[in-house]
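Notes for the one structure printed next.
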Amino acid sequence: MAWADVLSESTQNLTHQTRPTQPAYLPPHLRQLVARGGRSNRNSFPPPAGPNFNQRQTATPYDIITEKLDQVELTVDGNNNSDVINLDAYEDVPVEATGSDIPPAVKSFGEIQMCEALNENIKRRKYVKPTPIQRHAIPIVMAGRDLMACAQTGSGKTAAFCFPIISRILRDRFDQVVSVRNGVRTRIAYPTSLILSPTRELSCQIHDEAKKFSYQTGVKVVVAYGGAPMAQQFYNLEKGVDILVATPGRLVDMIERERVSLKMIKYLALDEADRMLDMGFEHQIRKIVQQMGMPPPGTRQTMLFSATFPDDIQRLASDFLSNYIFLTVGKVGSSTDLIAQRVELVQDMEKRSHLMKLLSTQKANGSRGKPALTLVFVETKRGADALEHSLSMNGFPAIAIHGDKVQRERERALRSFKSGATPILVATDVASRGLDIPHVAHVINFDFPKDIDDYVHRIGRTGRAGNSGMATAFFSDKNMPLAKALVEVMQEAKQEVPSWLSQCAQNFVGSVRSSRYGRSKFGGSDFRSSQNDYYYPSSNSNGDANSFVDTYANVYNTGGYGAPTSFDNYASAGGRSSNADYYGAHNPPGPYAHYSTADDYPPANIDAFAARSNGNEYGYGSIVASGWD
DNA sequence: CGCCCTT
């Protein structure tokens, strides 16, 4: 059966299973969807106007204001461990938002109208004060707007899209939906929110986070990714799902098997969005977002997040968005002031011996009686295995992670690294984005990446949540074309650039596309700013390309933020794939029968909740678990 | 290019 037919048929037979306290309700976006017969959404360029397209307010000229935030007292109660939040880490973070009718930022979580259960979870996670990206992004999403956001690595992006998604799910109280075909209920799950990420481990991490934020809210979070048996993931879906966190391949598979439908999607978030739209992923993402029944832009809300957002990718991404706000928070790539970047000229033949020399010198410098965690990035999977072997043979406890390993081995490697059992992790770019590994002291770019953005993401594995970190890059003759881009990244982060590297950069001027960072102080700039005539062709009567785009920029002093550094006791599980023991025995599978309310939710507290899912039979306990503590 | 992404 063709896709459209499947969708059409199941849509006509959608049944809304009312949650206990709410009457049946058909969301507006689905009414439209049904009327269209579920035809696939083919976006055009420029994108269709969103709901607010014709309600744009009077023109506001480009304005730059300076704002000093009130100092918010930061207390981390009950946090007696040795982690220290660096209060000064995020001072002078530049913020720029472009688009129409930009909702103002908030200064505290209290200003955001979120439900009490969510606020409680925020407190439980010891989030005292929103990070800059959270302060700006949450109000935008809460206001119903589409968003393209650039924020430093390690600055709290996950929560920035999870909070408002959970909050709006609770506000709207979407029913769990089931469909009926020929009088028989299908096994299709209808999530209302979808979060996509480029790697399995990152999807797991996002799931664990989202799960903790949704504790005692009744919001159901399920993760689906490849390399693991489908059965448990199906089972979790059958128990009902509000938020589905997934990697693209497994999601497509599940949709084609008619176990997941995107027809009810109201909120779509792409994490590492530039990667998701880059070569190798774009086709799959377009298929998921545009050709598998998802409501089109304007009838769903779309959020794209990354630390980097090159112009060409922004252009692709705008297909998915409607009247969006572009937000950039913080300098290029990470809390880079916190990462000491070094570059060493090392020829390929000498890299191994040089690495071992480097590792020897830092061996003695571990903290808290444990060796410092060192993450070594290489170019290829084979190279990862080879280097792992070489290091191990020479007395350096190393383990490799890459896409040729089976999932169990990938997660085992990550766990072994996080626990300190194997304090050296040799990784391909599977580990370069998004993974929050506490206490990574040193990132070594053994093979310099082909794309400077990958460099930014890789070094962002250290220096997280206000902690400092170190990054060392081995730079060889082969890498000369990237010298200029590297110099620019380092200068943005106020790093000392070795003179030989500056010389290399000059020698290779013009030999490679100019850096995308040249024009902006920030992680990216709104590509619409040079193309407003194209994007808003009919709204502008006076010919001023900027006249209807409200723009503001804040330069402010955050005084640090309450990013938790010691919440790993919460992070120790996440409930992936094993709430079966709570539900299975007394509740038959079915989307709404299991919808839990705050009162009947089984676990006694968030720790118990989080701990439940460790050590299930497939070994997929948390891989986001605590590092040292 | 190789890296990731269903079986």
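Protein chains get the first letters and strands the later ones, always in sequence-line order, with residue 1 at the start of each. Because the structure is a prediction, the values reported are computed rather than measured.
- Residue contacts for A:R275: at a heavy-atom cut-off of 4.0 Å it reaches a base atom on one of the strands shown.
- A sub-4.0 Å separation between OP1 or OP2 of B:dT7 and a side-chain N or O of A:R257 is absent.
- Regarding A:Y225, its OH atom lies at a distance of 10 Å from the P atom of B:dT6, rounded to whole Å.
- With rounding to whole Å, A:R458 atom CZ is found 9 Å from B:dC3 atom C1'.
- Proximity of A:K287 to the phosphate of B:dC5: no side-chain N or O atom is located under 4.0 Å from OP1 or OP2.
- Screening A:I424, A:L435, A:V440 for a side-chain contact (heavy atoms from CB on, under 4.5 Å) involving A:L375 leaves a single residue, A:V440.
- Nearest to the side chain of A:R250, among B:dT6, B:dG2, B:dC4, sits B:dT6.
- Considering only side-chain N and O atoms, A:S432 lies nowhere under 4.0 angstrom from the phosphate OP1 or OP2 of B:dC3.
- A salt bridge links A:R257 with A:D253: at least one charged nitrogen is closer than 4.0 Å to a carboxylate oxygen.
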Test side-chain hydrogen bond (donor to acceptor under 3.5 Å, both in side chains) applied to A:S179 and A:T186, step by step: CA-CA 6 Å; A:S179 56; A:T186 69; 2.4 Å; yes

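- In this structure, the CG atom of A:L277 is 16 Å from the C1' atom of B:dC3, given to the nearest Å.
- One finds a side-chain N or O of A:T428 lying less than 4.0 angstrom from the OP1 or OP2 phosphate oxygen of B:dC4.
- Residue contacts shown for A:M254 are absent, as no nucleic acid heavy atom lies under 4.0 Å away.
- Residue A:L270 contributes atom CG, which lies 16 Å from atom P of B:dC5 at whole-angstrom precision.
- With hydrogens and angles disregarded, a donor-acceptor distance shorter than 3.5 Å links the side chain of A:R200 to the backbone of A:G226.
- Residue A:E379 is in sugar-phosphate contact alone, with no base atom involved, counting any heavy-atom pair closer than 4.0 Å across all strands shown.
- For A:D253, the listed nucleotide lying nearest its side chain is B:dT7; candidates were B:dT7, B:dG2, B:dC5.
- Residue A:R259 is classed as having no contact, given no heavy-atom separation below 4.0 Å to the nucleic acid.
- Rounded to whole Å, atom P of B:dT6 lies 13 Å from atom CZ of A:F234.
- Atom CG in A:L196 sits roughly 13 Å away from atom P in B:dC5 (whole-Å rounding).
- Comment: A:D404 does not engage A:R382 in a salt bridge, judged by the lack of any side-chain N to carboxylate O separation of less than 4.0 angstrom.
- If you take CE of A:M230 and P of B:dT6, they are 9 Å apart, rounded to a whole angstrom.
- Rounding to whole angstrom units, CZ of residue A:R433 and P of B:dC3 are separated by 16 Å.
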